[in-house]
Structures are given as structure tokens and as C-alpha cells.
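Labels below follow one simple rule: chain letters A, B, ... track the order of the sequence lines, proteins then strands, and each chain is numbered from 1.
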Amino acid sequence: MDIEQRQAELIDHFVKQASNQKGAALGSVIVEATSQPSLFAFSEILAVPNIAEFEGTENSKYLDMLRLFAHGTWSDYKNNAGHLPQLVPDQVLKLKQLTVLTLAETNKVLPYDELMEELDVTNVRELEDFLINECMYTGIVRGKLDQLRRCFEVQFAAGRDLRPGQLGSMIQTLSNWLTTSDNLLISIQEKIKWADSMNEMDKKHRKDLEEKVEEAKKSLSHKVC
Amino acid sequence: MASSSSSGLTFKLHPLVIVNISDHYTRVKSQMNHSSSATTTNDDNNNGAQPRVYGCVIGIQRGRTVEIFNSFELLYDPSTHSLDRAFLEKKQELYKKVFPHFYILGWYSTGSDAQESDMHIHKALMDINESPVYVLLNPSINPAQKDLPVTIFESELHVIEGIPQLIFVRSSYTIETVEAERISVDHVAHLKPSDGGSAATQLAAHLTGIHSAIKMLNSRIRVLHHYLVAMQKGEIPCENSLLRQVSSLLRRLPAIESEKFQDDFLMEYNDTLLIAYLAMFTNCARYNILSFLPDFVSF
């Protein structure tokens, strides 16, 4: 899909930069990557070994920040604000966009109240502006805004980076889908057979009826004569 | 005579050409049947059941790709075993005016396999195009056959028994469609049987269409499932962008479970049932109305 294509170049660029740098410079690479407006995928950068080295050192908060952007939401940031470095406005925006994506993971219909709470937005106008400008125009989300029912129906949401356990649940969903479509195929075949057999019965019935009519006509004509 | 080609040219065939050739053959064959039942004809060359028709194919050659767009018929002169040259040139000129980019790429004929006499025609065309293609359509209908009965032959210079000779070699081809062609081919594929007035056969045909579509979807999902399982077992390195796309896809499921859908669906179902009921009513009641009517219009 096009989002992935747009991101592919940026991902390569940042992975290269990350593998070439070390230490504090790497921290600035991470900050740059997370402020980049069209980049939403961070698991490749997370996988770079130089960054994994950050674990446990004083720069570990950069690693945590990267993990937050890969899997977390805006409320996670607010709860852990002490441990994480200050976010620039670009990063704040991106984190909010990623929050919307995470919310879209679980429900297809997102009520405005929940969205306003998660995104720290107080009025509906601001929320709608955010959704329209930052989410739909960038193409990460597609859906309909229902102001009367105060909800946002999501039709399509770009994928976020996968948590380690999600692969299993994805496989489960796929196998459920497969079994459902197999059952559907079987029931369609049965319906086709039913339609054919009903057709046969109908023809037979018609033929019987016509034969009876013929007989009745003949018997009448004999009686007259 | 025919082995597989090694010239490295890619052939792209448009469905219009196939339809043209089969149309030409069908016309000639039905005219032959019609006229032979009325009078005896002189068309003894067209042996019995399978007349051979000939024509020219035109298209564009860009580098190594040969794309065959269109075709037109030619007259075959059985006495000299060659195609009518003057007619070919006149047609070529006419087509050049309408399609300035198209060149004569070769010729076509019908039959079950390429024959020796075809080589003469092939050589005759070699002065227009130094390597013409020969498109052969097999008009015999074989219900067990799954592929198109169209073969494309090229000519290659092979040394056989010390003499360099031109022989035909088969080439593979792909079918390429323009949007307009796709629409018409789709339309032809969906033709219902002409007496398919019975509701059951139409229903069966419709259901069969849906069935094959779902089957294709099913196989694709199976591939995805297999891929993910292999990735989980570690046989394939994890490719994150694909996983992201799959996860965004899976989030669109379940697609048909909301309450609103159930409501709308039931409403439409009820409407259809009601209309069917009403139609059946009217159907039965017309006899009754005819018997009531004299009472109502009595003067």
C-alpha cells in the first residue's frame, strides 16, 4: 500500500544513519526519526544493534522513547513523562497520530469522548480538525466522521509496529477467516444443488400437470361424443 | 518441425486478434456450409470440414517486445500457394492511415499444426518484415483443453542434415488487454444461455460466479496464513512492512457484524419477500378478477 512505499525510503535512510552513528549522536537520530512527518514505522530502527546497546546506559531513555513511538500512546507518555526526554511539538503530533491508530486497532467505531480524552483535546472542532488534517490527509486513516452520533467510523487504518505477541493473534484471525470462507463455499455449493433440484422438481410437476390436463380434455371430449 | 524458441522475444497478444481470426474462420465455414447445401461450389481447396483462412497480423515492436494488436483478412490464391500481394499492400496502406504506428508483424492461419506449405507464405512475407510471426488458431473445439488453442511460431535458421533451413519454432506469449477489450471479453464470458429464463438456472449461474470469486479470495488468504505461520516459526526473516500491512488488513474484519448492518439487511430482505409475495398474489388473483369483473361492470 502507498503508505508503506512512502515510508520505505525513509526507513532505509534512518537505518543507515543509525548503524553509522554511536552514542549521543544516535540519540539525535532517534529524535529526528520520530519527528519525521511521514514516518510511522519504527520497528526496523529498533532492530538496529547500535540502538539495542542503549539498554541500561544513561541514553536508555532514547531507547524507551523509540519503543514508546513504536508501540505506545499519548497517555503512556503522560504517565511516564518523568523518565522520558522532552518531546518536540513534531513528536507530540506524531505520538497523537499513532494513538489514533492504536485506538482504531480495537474498535471500528470510536466515540468522540474517548478520542478527546486520549488526545487531550477539549472541543469537538479541534478534534475534528486534528482527525481531518493530521490523520486523513496524511493517509494513515480512512473513515467517516459522524457528528450527530459523535463517533468516528474507521474504514481503514495503517498498521503500527507489531508487538511480539500480536503475530500469534493475527495468525488466529487469519485461520478464523479461512474457516469461515470455507464454510461459506460449502453452503454456496449446497444452495446451487438445491436450486438445480428445485428446478428439476418444478419441471416434473409442470409435466405431470400438463399430462393431467390432457387426460381431462380427452375424457371430456369422449363424454361429449 | 516445432521446438521451443530461443530468440528471446516476448510476445503479447491482444484478444481482438483471437476474436478476429475466429470470426473470419466462422464466417467462411458457415458460408461454405450454406452455399454447398444450395449449389456445388468450386471451393474444393477448402477441404471438407475445415477450411483454412489466412490473414495478416499487425502491431508494434518495441525492442524485444512484440505486441500484436490487430489483424485483417487476406485472400489466399490456391494455385500459386501464396497470398494476394496487391490486396495486402492496399490494406496495409489503409491501416497505416488509421494506425500510423502499427507495422505488419506477420500472418495468421487456422489449422491444427504448422505445415510445410506455410513456409512459402512465411518466406514471402519476409520482405515486409525480416522476421515475421505466424499465429495459428486451432478451430477444433476441445472441451478438455484448458489453454487457448492459439500458438505463435517464429522462424529460425537451423542446420538440418547439413542444409541451413528455416523452420518454425513455437514461442510463448502472454495476453495483454486494453480496458475496452477487457470489458468486452468480460461481457462475452458472462453470456447466459439464451433460454436461461428459468430462475433456477440464473440463480445457479450467479451463485457459481460468487463461488469462484470466494474461492480465489480463499486461496489468497491461505497463502498469507501460510506465510505468517512460517514467519512465526522463524523460517522466513520477519519483514515488518508486510506485517504492518497484514495487521491493518485484519483490523478491517469483521466487516459485516455491526448492528446497523443487521438492521439494513433485514429490512431489505423483508422488502424483497414482500414484493415476491405481492407478485404471487397478483398472479393468482387475475383469474378471480376476471370472474368478478362482470358483476362490477354490469349496466
Side-chain angles (χ1 to χ4, degrees), chain A residues 1 3-5 7-8 11 40-44 46-47 70 101 104-109 140-141 153-162 166-178 180-182 184-203, chain B residues 192-193 195-261 263:
Chain A
M1 300 187 211
I3 309 172
E4 292 296 331
Q5 281 165 348
Q7 289 188 106
I11 295 176
F40 296 100
F42 302 101
S43 40
E44 283 93 347
L46 258 181
L101 281 182
E105 265 179 44
T106 37
N107 299 326
K108 286 177 79 173
V109 174
I140 53 176
V141 186
E153 293 174 13
V154 183
Q155 282 161 355
F156 160 77
R160 281 197 77 175
D161 299 309
L162 287 183
Q166 274 181 303
L167 188 57
S169 62
M170 285 207 312
I171 294 183
Q172 186 60 34
T173 318
L174 269 182
S175 38
N176 286 349
W177 199 7
L178 268 181
T180 317
S181 63
D182 282 334
L184 187 59
L185 280 178
I186 295 176
S187 51
I188 290 184
Q189 268 172 327
E190 280 173 23
K191 275 271 175 294
I192 297 179
K193 274 195 224 125
W194 173 85
D196 284 335
S197 63
M198 290 303 286
N199 198 12
E200 288 298 320
M201 271 175 49
D202 188 58
K203 276 197 201 132
Chain B
K192 303 280 189 284
D195 69 357
S198 131
T201 45
Q202 281 182 342
L203 178 65
H206 182 241
L207 282 179
T208 322
I210 296 186
H211 178 90
S212 41
I214 298 183
K215 204 154 128 188
M216 260 203 285
L217 178 67
N218 199 351
S219 66
R220 302 234 166 95
I221 302 173
R222 207 177 291 274
V223 166
L224 264 182
H225 178 82
H226 203 68
Y227 181 69
L228 281 189
V229 166
M231 209 186 259
Q232 189 183 45
K233 286 199 219 139
E235 292 163 20
I236 309 174
C238 283
E239 202 181 314
N240 283 308
S241 93
L242 274 174
L243 284 176
R244 279 194 290 272
Q245 287 179 19
V246 173
S247 78
S248 97
L249 174 69
L250 289 179
R251 272 189 236 129
R252 299 184 73 167
L253 302 172
I256 314 189
E257 249 178 56
S258 65
E259 201 182 286
K260 201 164 160 301
F261 173 76
D263 288 341

Can you measure from OG1 (Thr208(B)) to CD (Gln189(A)) and round to the nearest 0.5 angstrom?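 So the OG1 of Thr208(B) and the CD of Gln189(A) are separated by 9.5 Å.
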Interface moiety of Asp202(A) toward chain B, non-hydrogen atoms closer than 4.5 Å: neither
Leu101(A) and Ala158(A) have their tightest heavy-atom pair at CD2-O, 3.4 Å
Contacting region of Ala104(A) [heavy-atom separation from chain B under 4.5 Å]: backbone
Which residue out of Ile171(A), Val154(A), Leu167(A) racks up the most heavy-atom pairs below 4.5 Å with chain B? Ile171(A)
Where is the tightest heavy-atom contact between Ser175(A) and His225(B), given as atom of each residue plus distance? CB-CE1, 3.4 Å
Largest heavy-atom contact set with chain A, pairs under 4.5 Å, which of Val229(B), Ile221(B), Leu228(B): Ile221(B)
Against chain B, work out which of Leu178(A), Ile188(A), Ile192(A) has the most heavy-atom pairs shorter than 4.5 Å and name it. Leu178(A)
I need the Asn218(B) CG to Ser181(A) OG distance, nearest 0.5 Å.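 Result: 3.5 Å between the selected atoms.
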Identify which part of Met170(A) has an atom lying under 4.5 Å from any heavy atom of chain B, answering side chain, backbone, both or neither.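 Both backbone and side chain of Met170(A) come within 4.5 Å of chain B.
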With a 4.5 Å cut-off on side-chain heavy atoms, are Asn176(A) and Gln172(A) touching?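 Yes, side chains in contact.
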